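Please read the structure below before turning to the comments.
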Amino acid sequence: MSLPQPVRGTHDLLPEEFARHAHVQGTAREMAARFGYAEMATPIFEFTEVFARTMGESSDVVSKEMYSFESRSGESMTLRPEYTAGICRAFISNGLQQNVPFKVFAAGPMFRYERPQKGRQRQFHQIDVECIGAAEAKADIEVVALGAAILDALGVMEKCTLEINTLGDTESRQAYRAALVDYFNDHKSSLSQDSLDRLTRNPLRILDSKDKGDRVIVEQAPIFTDYLNSYSSDFFDEVLEGLSLLGIEYHLNRRLVRGLDYYTHTAFEFVTTALGAQGAVIAGGRYDGLIETLGGKPTPGIGWAGGIERLAMLADEAPAAVRPVALIPVGEEADAVAAKLAHQLRKDGISIEMAFKGNVGKRMKRANKLNARAAILIGEDELVRDVCTLRDLDQGEQSEVPLASLSSALRRLL
RNA sequence: GCGAACGUAGCUCAGUUGGUUAGAGCGCCUGACUGUGACUCAGGAGGUCGGGGGUUCAAGACCCCUCGUUCGCCCCA
């Protein structure tokens, strides 16, 4: 077959799948609003620097996964691989320092040049939550709780586990990082090739290695808690206590490390085993240094992103679409009457399906296929008496209804 | 970026050790039923077997390349 195909790693969202996405996004949007997170949007592309500086030059996303291009003006642009950097840029660009805490919800397409798999695409969609300008642990708790509430509303909480860890403040993390590098350098000869690469890029990642040889070495590695200063460890304790208070179960995972440079303190992931290698459905953390990196005044922040495709695969069925009513004119005279009637009923708020062609049998079949609740037949018989035949397609019963009271009769039926 | 499996109709899949005009179910179209669906029956359309090259008298089957999907790694949502 040489039919035109979509670009690798991109997918069409046909109505059925789109409805599932809309369900995930709509549920998240509604829950976010209840938590006081207003929806916003930023451009789909930014100056490359926005992502490169914040996410870290050595991160996988920046070093090999960005869709970058040179604009006609000669500047380097990048299709956004995540939402956080763009929202923080917008926070600075619009001078929102006085609007803190700036609590927002956003959703839209993201782009990463990765090898596609199930639950991993080159264009995918995320829901995103950010709380900028709050240094309190209460913000961390609220943001995680919002994630949990959304998963709950989607009916996927049972399939997910909340993994949580702290990366400490910059001081703590740098001290720990130095200790780790020292330790692993001493064991360089027995580290896997992957971990040797990680040693320069992101040594904390070695802790999470799946390689058996690495794991043996990791057993003896320095422990993060020994390097956390009291502020960092007190902060984390407060976050965990807050989650417990809300009855949100978590699994303390001391090896949880995020791949992006900007994370500090709280790091978390809601993970599932139901999606193969792609376990994370919602993930995020605190990024106290990010705004400063972008050139803003030092401003703390915390947020997360959730994969809509991944959530849609796990979520309950989307609520059924509105069932239409099929309007079926019989004969040329009835055609014009039906057209006017359909227009009026639609303005009255009723979903009307009217086929463009076909005899009554075909139109009835089509009505059935569209899951219509009822069919209205209008022919010469009915026209002379100003009535129509209203057929209940579920019950299989029909009766005559005066055109004048059709609108209210349908309302009662639907 | 690394390793592996798979790719036959719109969809799900058959297709013997290479051997005539490549099949089924579902779906679609038409009719039985020119004013009545979800049932039934009868017909019909739809395939350059992902694409390109090679081996052979002969390739959907075998070989190479390529594109795509899936699984694992890496990484992430």
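By convention in this document, chain letters (A, B, ...) are assigned in the order of the sequence lines, proteins followed by strands, and residues within each chain are numbered from 1. As the structure is a computational prediction, the values presented were derived from the model and not from experiment.
By the 30° and 60° cut-offs, the orientation of the rings of F35(A) relative to Y37(A) is tilted. The aromatic rings of F224(A) and Y176(A) sit parallel to each other, their planes meeting at less than 30°, with 60° as the upper class boundary. Using cut-offs of 30° and 60° for the angle between ring planes, the H125(A) and H21(A) rings count as perpendicular. Classification of the H265(A)-F235(A) ring pair by plane angle, with boundaries at 30° and 60°, yields tilted.
Comparing A32(B) with A38(B), their P atoms are spaced 15 Å from each other, to the whole Å. If you take atom P in G15(B) and the same atom in U8(B), they sit 13 Å apart, rounded to whole Å. Rounded to a whole angstrom, the distance from the C1' atom of U48(B) to that of G31(B) is 32 Å. C39(B) sits 46 Å from U17(B) when the C1' atoms are compared, rounded to a whole Å.
Heavy atoms of other residues, nucleotides or ligands lying less than 6.0 angstrom from CD of E49(A) number 12 at most.
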So which protein nitrogen or oxygen atoms get under 3.5 Å of nucleotides 30-32 of chain B's nitrogens or oxygens?
unit_1: G31(B); atom_1: OP2; unit_2: K362(A); atom_2: NZ; d: 2.9

Secondary-structure notation, RNA chain B, from Watson-Crick and G-U pairs under 3.5 angstrom (| other strand): (((((((..((((.....[...)))).(((((.......))))).....(((((..]....))))))))))))....
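Comparing V7(A) and V61(A) against RNA chain B, the residue whose closest nucleotide sits nearer the 5' end is V7(A). For the pair K369(A) and D392(A), both in contact range of RNA chain B, the more 5′-proximal nearest nucleotide belongs to K369(A).
With hydrogens and angles left out, the side chain of R391(A) and the base of G37(B) share a donor-acceptor pair within 3.5 Å. Applying the 3.5 Å distance criterion, the base of U36(B) shares a donor-acceptor pair with the side chain of Q398(A). Evaluation of atom-type donor-acceptor distances gives no pair under 3.5 Å for the side chain of R8(A) against the base of C67(B).
At the heavy-atom level, A283(A) lies under 4.0 Å from the strands shown only through sugar-phosphate atoms. Among the protein residues, I282(A) comes within range of the sugar-phosphate backbone only, with heavy atoms under 4.0 Å from sugar or phosphate atoms but none that close to a base. E382(A) comes within 4.0 angstrom of a nucleotide base, judged by non-hydrogen atoms across all strands. Contacts of R112(A) with the nucleic acid, taken as non-hydrogen atoms under 4.0 Å apart, include base atoms. Across all strands shown, Q121(A) has heavy atoms under 4.0 Å from base atoms, whether or not it also approaches the sugar-phosphate. Residue Q395(A) is out of contact with every strand shown, counting any heavy-atom pair closer than 4.0 Å. Among the atoms of the strands shown, base atoms are found under 4.0 Å from some heavy atom of R115(A).
Partner E353(A) forms a salt bridge (Lys or Arg N to Asp or Glu O under 4.0 Å) with one of R346(A), R363(A), R366(A) and no other, that one being R366(A).
Look at CG on L327(A): it is 18 Å from P on G37(B), rounded to the nearest Å. Put simply, CG on D211(A) is 12 Å from P on C75(B), counting in whole angstrom units. Distance CG (L370(A)) to P (U36(B)): 19 Å, rounded to an integer number of Å. Going from atom CG of L196(A) over to atom P of G1(B) covers 22 Å, rounded to whole Å. Taking atom CD on Q117(A) and atom C1' on U69(B), their separation rounds to 11 Å, with Å as the unit. Atom NZ of K118(A) and atom P of U69(B) are 15 Å apart (whole Å). A77(B) atom P lies 11 Å from atom CZ of F268(A), rounded to whole Å. Straight-line distance from the CZ atom of R198(A) to the C1' atom of C2(B): 14 Å, rounded to whole Å.
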Intermediate values then yes/no, salt bridge (charged side-chain N to carboxylate O under 4.0 Å, His left out), R215(A) and E219(A): CA-CA 6 Å; R215(A) 291 201 165 209; E219(A) 296 276 326; over 6 Å; no
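Minimum atom distance to the side chain of T389(A) is reached by U36(B), of the listed G37(B), U36(B), C73(B).
Rounding to the nearest 0.5 Å gives a distance of 7.0 Å between CG of L13(A) and CD of E309(A).
Put simply, K64(A) has no side-chain N or O that comes within less than 4.0 Å of OP1 or OP2 on C75(B).
Here the side chains of I217(A) and I206(A) are not in contact, with every heavy-atom distance at 4.5 Å or above. Using a 4.5 Å cut-off on side-chain heavy atoms (C-beta onward), D211(A) and S195(A) make no contact.
A donor-acceptor pair is defined here as one N or O able to donate and one able to accept, closer than 3.5 Å; no such pair exists between the side chain of R255(A) and the backbone of D208(A).
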